[in-house]
Every structure is written in C-alpha cells, then in structure tokens.
There are 2 protein chains.
Amino acid sequence: MRMTTRGRYALRAMLETAQCEKDGPVSLKHISDTQDISKKYLGKLFDRLKNAGLVISIRGPKGGYLLGKEPDSISIGAIIRAAEGPITTVRCVEKSTNKRCSRLKKCVCHLYWEKLEKHISDFLDSSSLLDLCKGAKDKKTSRPI
Amino acid sequence: MRMTTRGRYALRAMLETAQCEKDGPVSLKHISDTQDISKKYLGKLFDRLKNAGLVISIRGPKGGYLLGKEPDSISIGAIIRAAEGPITTVRCVEKSTNKRCSRLKKCVCHLYWEKLEKHISDFLDSSSLLDLCKGAKDKKTSRPI
DNA sequence: ATATAGTCTACTATTTCAGTAGTGTATAGG
DNA sequence: CCTATACACTACTGAAATAGTAGACTATAT
C-alpha cells in the first residue's frame, strides 16, 4: 500500500504552479529549485499533467506552465491519476486493461478490494488543489507542524 | 497507489486458513492448491504472518497453520501490515524509520498524505477476517459477482 | 540572432517484487 | 527407531517499475 514519489512530486509541483502562476508561466527550473526535484524528471511528469489537461504549456523565454483549469476544479485524485495512472488497489480488478483474474467468481476478497479502491478514490476526489492552496496560506501565518 | 500481490495473497491465504482450520492445521500445500499461490512464496509470507502473531505453526506430518487469534480480532489492516509492512502512502512520513524529509515544515502536502494514510488505515482496520468469512459463506448460496 | 524553455526519445541505475532452490529441523505414525 | 511430511531459514534469480540522466529538437520573447 504505497504511493510513489511520482505522485508526491506531482502534487508539490501542481501546488507550486498554482501558487506562482499569477506572476506568469511557472518554469520547470523554478519548480525544480523550490521543490528540490530534478528538472528532467519534472519534464516527464508535466507531460502527463499536460496530457490530462491539468496544465497548459507556454514555450520560449518566460515560458512555463499554467494551470489548465481553475484550481477548485482540479481534484487531488485527478493529479494522482495523471501522474501514477488509475488508483488500483488490486490489479486484477483494473478496468482499463480488463485484466480480471480467473478466480473472480469464487473470491470475496475482490469485493473488499473494490470497496477499498472506491474509498481511496473518493477521498482523493473530495479535495481540490484550491483546498490545499488555502492550507498552504494558513500555514504561513500559523505555526507549521 | 498500488497494493501488491503480497497483500492480496496474504488475505486469501488467511481466509483459506480461517475457513479450513476446524479440520486441523492448514498446510501450505493445501493453500497453494486451492489458492493458486506458489508454495515456496507462501512459506515466506507465513513467516511474516507468524511473526505478527496472526497464525501459529505446527510442524511435522499433519502440520500446518492455525489462526493465532479469533477471526473477529484479526483485522484486515493487521494482515496487510504483516504482509506488506506499515500502510504508508508517503514514505517521508513513515513513523517506524523516522525518515522525515527535510521539507517537512514547509510542505502542506504532508498533512494531506497523513490524512490519507489514516483514512486508509481506518478502513482496513474496520473489517475483520470474520467479516470476510461471513461474506464468503453468503456468496456460496447467493449469486457471485 | 540568440538565449530561453518546453518536447521528445532513448538510455541507465536502483529497487522491489515474485518466485525458486536447497538445506535443515521437528514430529506423527508405523 | 525410521521415515515421510511439513515448517524454518538462507540465498539466489528474473522481471518489472521507478527515479533519474543525456542529448537533440522546436518554439518564441527580446
């Protein structure tokens, strides 16, 4: 039951973008510097985020990325799914690939994993990037953990 | 956001053990045959389950494994944790290793990941092996998915 | 023009996972 | 006491995914 750095990087990068885009496109260099993430790696990550429509890119000098939608309509789930692929707690239930294991009919466990998957998915979809931005703002005045 | 086969195997194996232990110790061979899991791999898995106190072992002919506690006091979370290690959605928040990333103070994301972790953990701890056994029993009479 | 900054493909190193091999040890049943 | 059974333990292997790197290419603001 693990989340990889890819998902974490994605969230941090999106948060940084959301917080800085008012000053113009946010470059990978900026994100790399402020978030300690390899610039090249971010390049690949933003490919995914861009394909998912979560950011748009602007090329050339002063270029970078802007959010592709309003921050309140970008759910954390959408970011994680864009970065890591579908949230699947159990692969043989994966819808996209239709890879359903042959034991399906006799296995109660499947139902359980499907419930877990929905539970996690709902949680991730119930917060937006805006919610996290607000949290970040609050943290600047109050005491950090 | 993935669960590995290790966790799934563990749950299926525990369920099989719970359902069959009334006829005496359940051998790895039996579990291997009924659940299509490599016997050698199960051996390693049951090491973990045994260390966690979820099963006890009986050696020699007619030997095998019995549940280490009543099925209603074995939570699914306990099984997953025994098999896969602590449920951590983000490693730098991992308590056991004290590996906290240096960005902790400035990162709102951490709070979010910790909430997610708790959310998942609570879900996994709210069902017991007994609950799943009941589900399995029901499924025999009713129509499978 | 040119420097900046995204785009794209390919490569590499590391880690984890799933599974295998083989040896050792306890014990039920004859 | 012998022997077959079944757990215990260590070490190894192959495959896949992850994290990160290299370098050439393209668009564009100044």
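Computed from a prediction, not measured in an experiment: that's the story for all the values here. Naming: A, B, ... by sequence-line order, numbering from 1 per chain.
When the P atom of C:dC8 is taken as reference, atom NZ of A:K44 falls 14 Å away, rounded to whole Å. Counting to the nearest Å, the P atom of C:dA5 and the CD1 atom of A:I56 are 17 Å from each other. In this entry the distance linking CZ of B:R8 with C1' of C:dG19 reads 15 Å, nearest Å. Counting to the nearest Å, the P atom of C:dA3 and the NZ atom of A:K29 are 17 Å from each other. A straight line from OH of B:Y41 to P of D:dA6 spans 23 Å, rounded to a whole angstrom. Note: CG (B:D36) to P (C:dA18) measures 16 Å, nearest angstrom. Across the protein-nucleic acid pair, B:L42 atom CG and D:dA8 atom C1' stand 15 Å apart, rounded to whole Å. Atom pair B:R12:CZ and C:dA18:C1' shows a separation of 13 Å (rounding to whole Å applied).
Between B:T5 and C:dA18 there is a side-chain N or O to OP1 or OP2 distance below 4.0 Å. In this structure, A:S38 reaches the D:dT21 phosphate: one of its side-chain N or O atoms is under 4.0 Å from OP1 or OP2. For the pair A:T4 and D:dA17, the criterion of a side-chain N or O lying under 4.0 Å from OP1 or OP2 is not met. Side-chain N/O atoms of A:Y9 include one lying less than 4.0 angstrom from OP1 or OP2 on D:dG20.
Comparing A:I37 and A:K40 against DNA chain D, the residue whose closest nucleotide sits nearer the 5' end is A:I37.
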Report all side-chain donor-acceptor pairs from residues 53-74 of chain A shorter than 3.5 Å, counting only partners two or more places apart or in another chain.
residue: A:S57; atom: OG; partner: A:K50; partner atom: NZ; Å: 3.3
residue: A:S73; atom: OG; partner: A:E70; partner atom: O; Å: 3.0

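Annotation: salt bridge (charged side-chain N to carboxylate O under 4.0 Å, His left out) contacts involving residues 74-86 of chain A, sequence neighbours excluded, comprise A:R81-A:D125. Legend: salt bridge (charged side-chain N to carboxylate O under 4.0 Å, His left out) pairs involving residues 21-32 of chain B, not counting sequence neighbours, sorted by first then second residue: B:K29-B:D33. Sequence neighbours left out, the pairs with a member in residues 6-32 of chain B that pass ring pair (Phe, Tyr, Trp, His ring centres under 6.0 Å) are B:Y9-B:Y41.
B:I76 is not listed as a side-chain neighbour of B:S128, based on a closest heavy-atom distance of 4.5 Å or more.
Partners of B:R48 under the side chain to side chain donor-acceptor pair (under 3.5 Å) rule, at least two apart in sequence or in another chain, do not exist in this structure.
Looking at residues 57-70 of chain B, you'll see B:S57, B:I58, B:R59, B:G60, B:P61, B:K62, B:G63, B:G64, B:Y65 sit with a heavy atom under 4.0 Å from some atom of DNA chain D.
Remark: the A:K39 side chain and the C:dG6 base include no donor-acceptor N/O pair separated by less than 3.5 Å.
With rounding to the nearest 0.5 Å, the separation of OG1 in B:T17 from CD1 in B:I31 is 3.5 Å.
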